[in-house]
Structures are given as structure tokens and as C-alpha cells.
Amino acid sequence: MVYRKAVAGLMIAMLAGCSVAEEDDRQTAQERDIFERRNVAPDPADNGQTPRKAEHAYARIALNCINKQYPNKISHVLNSAVDVAEPSKLTPVFYGCYDWHSAVHGHWLLTRLWGQDLVPEMDEEIAAALAANFTAEKIAGELTYLSSEDRKAFERPYGIAWFLQLTAELRDIAAGEGGKAEQAKTWLPRLEPLETLIVGNIKDWLPKLAYPIRLGTHNQSAFAFGLFLDWAERSGDTEMASLVRNKALAFHSKDRNCPMAYEPSGEDFLSSCLMVADLMRRVMVEAEYATWLSGFLPDIPTDGGDDWLAVGIVNDPTDGKLVHLDGLNLSRAWALEGMASALPADDQRRASLLASATLHGNSGEEAVRTPHYAGSHWLASFATYWRTRRGIDASRSNQAS
């Protein structure tokens, strides 16, 4: 009898526990729904509005996702049960837009358009969104997360390269005058401790990197190196500039006949060949670069045509991996323009590089208009990087530095 009472009591306790757990789950879901309704910017389409230009649409995409934490693809090392938490609790600033790196460059996109006065009608809304996330408390949460054990390689190199692009953008704005400069001077110091941690991790990693990473996705080294250099030029970090420049030259100065015929791979969003060429124009003087490029990509035509490099094809824009190729078209566009910018004005390859850049960029921008979140949550940043020539306006002072 005592045994049966004990079993019955245990069953009642278990059932009660399940009920409490289910109730907690329902409450968490309800809180999440309220959170996202409060923080995610409304889509103009809800009111029958249409963006006046592409930049408005890109800003709206970022505003709609920087505080939208689900769906979420998280790359997360668990050190203990304490690390089991919602994305917004783990990384309080950069948890939206599906993953950490997309949240970072979503914030960069807004900062870029706001700082360049490209969407003045949205300035107030963008500033409010950035101010809500660039708080000392939230950034401290990011710093705690990245400082934890086993996270030195977190988002390396792609995500941390975009983070440095964000602080570089704020540094540019802060160097100006007016209200936006003053606002940037408030946000930047809050982000600088996280910047210092990330830069320290990069400087620790670079001397140990024995080989270039030639993938067409997040781990590629050439793309990240280019952003590292652009950050170093703006921040005055000569140590970082020297480390990256020397590593780029060691990895790629003797590269020849890059196999463009093997591109793209089915899930690429970065060209293995063109990103190397876009990196090397940052570390070579004009004549040296022109000669190097002849050996690296000897088949660039001189007839001014745009049909020498086919655009990437996406057969299913709802597939998060296949849609990478829309991003490839945009990153190819900015790489091709960057290459052309570093060649002598009379170099006959320039016209073909620029023609292909236009073809790829226009194709990529068409894809940004997709209603599918698999692509839209990040493609707008790539389109903004190309449209605003972000990587080109910082390049010249890096050469042979």
C-alpha cells in the first residue's frame, strides 16, 4: 500500500511538472511574440506604401530583421547549462536577421545609409533603432559572450570582419560634424571594448594561419582580409595593417592562373578568385597590381564586353544555401569594380571588368526584392556594399602601406 501511494504521488508530481513546463513554454512563446511585435519595424507594404528607391527598401529589410530573432541559425559553443538560452539573451545586440553575422551587417547597412544621408526620410527611425541596440548594457552582454571560454574563433573571419566594418563606419561618421557625428561619438566608445577583443583575437590568429582559406563561403580569408585592411586604415592600427598585408602577399603574390572555369560552386556567395584579386589591389601599387593581375587572371578580355563571366543562377530562392549565388553576383560586382579601380586609366581590361560588374550587380539587386527571408535578410547588405562602393573608397591608402 505504501509503495502504491508513493508511485501515485510520483506520477502526480510528474504530471504537475509537465503542466508547469508546458505553461512556461507557452509564456515564453507569448513573451517572444510581444517582443518581436514591439521591436520589429513595420513593413511599408502593410500600409500599401512602396519604397521610393532601392536604399529605402534595403533599410526597411534591415529594420525588419535586426530585432527579429526567429527563425535563427545559431553557432554556439555550450560550456554549461547556463549557455542554454534564447539568442537575444546570449548576444543582446546581434541576435536578429537569422544569425549573428547577418545581424552585424544589418546594423552596418543602417549605419552606412544613415551616415551617408542616403535615406533622410528614414533618419529618425534608423537612429532610434540603432540607439535601442547600441546601449552600454547590451554591448556588455556581447562582450561577455565573446569573452567566454572556447569562443576565440567565434564568427571568424566573416562575422568579425563585418563587425570591424561597422565600427569603421561609425568612426567615419564620428570624424565629421553635426548631429550624426555626435551620435556616432556616443555609440562608438561603447562598441570599442568589443572591437578591442575582436582585434586582439585576429592578431593572435593571423600569425598561426599557415594557408589561405579559398572557400566561397564564410570561412574565406581573402574577403575578410580586405575588410580587416579597410578597418586598419580608418582606425590607424598599423600593426593590423602590416600583419594582414604581409599575410596577403605571402599567400597570394605568386598565385597564377586562378581557375575561374571552376566557379561558382553550388553554394558560393564569394568568388575564390575575384576576392583574392580584390584583396591584392589593396596591397600593391598600380603598376605592380596590373602585372600581377595579368598572371592571376590572364583571360580578362579587352573588348569591353560583359559576357565573359556568366552570372550565378538560383533555381530556388527559398533555399538558404542555393540563394547564396545571388550574393555571389553582388560580391563579384564589387570585386570587379575594385579591380578596375586599381588599374591604370588606359588599361584595356577596365571596360570589360566594369561591364561585367554592372551585369552581376543588376542581377544581384533583382534578387534582393525576393519576398523569401532566406535571401532577403542578408542580400540587402551585399547590395548596399556594392551600391555605395564601400570597399573602393577606402582602398587607395592601403596600397603598399
Under-4.0 Å salt bridge between Glu192 and Arg171
yes
Short side-chain to backbone donor-acceptor contact, Tyr98 and Lys68, under 3.5 Å
no
Shortest non-hydrogen contact from Val368 toward Ile61
CG1-CD1, 3.9 Å
Parallel, tilted or perpendicular: which one describes the rings of Phe223 and Trp334, with boundaries at 30° and 60°?
tilted
Would you call the rings of Phe134 and Trp187 parallel, tilted or perpendicular if under 30° counts as parallel and over 60° as perpendicular?
perpendicular
Run Tyr158 and Phe269 through ring-ring contact (aromatic ring centres under 6.0 Å, His included) and show every step you take.
CA-CA 12 Å; Tyr158 180 80; Phe269 59 85; 5.5 Å; yes
Any side-chain to backbone donor/acceptor pair from Asn79 onto Glu149? Under 3.5 Å, distance only.
yes
Students often mix this up, so state it plainly: with edges at 30° and 60°, are the rings of Trp108 and Trp162 parallel, tilted or perpendicular?
tilted
Which pair of non-hydrogen atoms, one from Glu195 and one from Leu164, has the smallest distance, and what is that distance?
CG-CD2, 4.0 Å
Donor-acceptor contact below 3.5 Å, side chain Arg281 vs main chain Leu293:
no
Using only atom types and a distance under 3.5 Å, with no angle test, would you say the side chain of Arg112 pairs donor to acceptor with the backbone of Glu169?
no
Modelled atom types, side-chain donor and acceptor of Glu121 and His56, under 3.5 Å
yes
Just jot down the side chain to side chain contact (heavy atoms under 4.5 Å, CB included) partners of Arg387, sequence neighbours excluded, or say none.
Ala54, Glu55, Tyr58, Glu365
Candidate pair Ile160 and Asn201, rule side-chain contact (heavy atoms from CB on, under 4.5 Å), full reasoning:
CA-CA 10 Å; Ile160 58 176; Asn201 287 342; 5.9 Å; no
According to side chain to side chain contact (heavy atoms under 4.5 Å, CB included), who are the partners of Asp123, at least two apart in sequence or on a separate chain?
Trp114, Asp117, Pro120, Lys180
Considering residues, nucleotides and ligands other than Ile74, do more than 12 of their heavy atoms fall under 6.0 Å from its CD1?
yes
Using the six-membered ring wherever Trp is involved, compare the ring planes of Phe382 and Trp378 and label them parallel, tilted or perpendicular (cut-offs 30° and 60°).
perpendicular
NZ or CZ of Lys247 within 45° of Phe228 ring axis and under 6.0 Å:
no
Short question: side chain of Thr384, backbone of Ala380 - any donor-acceptor pair under 3.5 Å?
yes
Is it true that a side-chain atom of Arg234 and a backbone atom of Asp172 form a donor plus acceptor pair closer than 3.5 Å?
no
N/O donor-acceptor pair under 3.5 Å between Lys53 side chain and Val119 backbone
no
From CA spacing to verdict: side chain to side chain donor-acceptor pair (under 3.5 Å), Tyr95, Glu86
CA-CA 9 Å; Tyr95 60 84; Glu86 288 190 82; over 6 Å; no
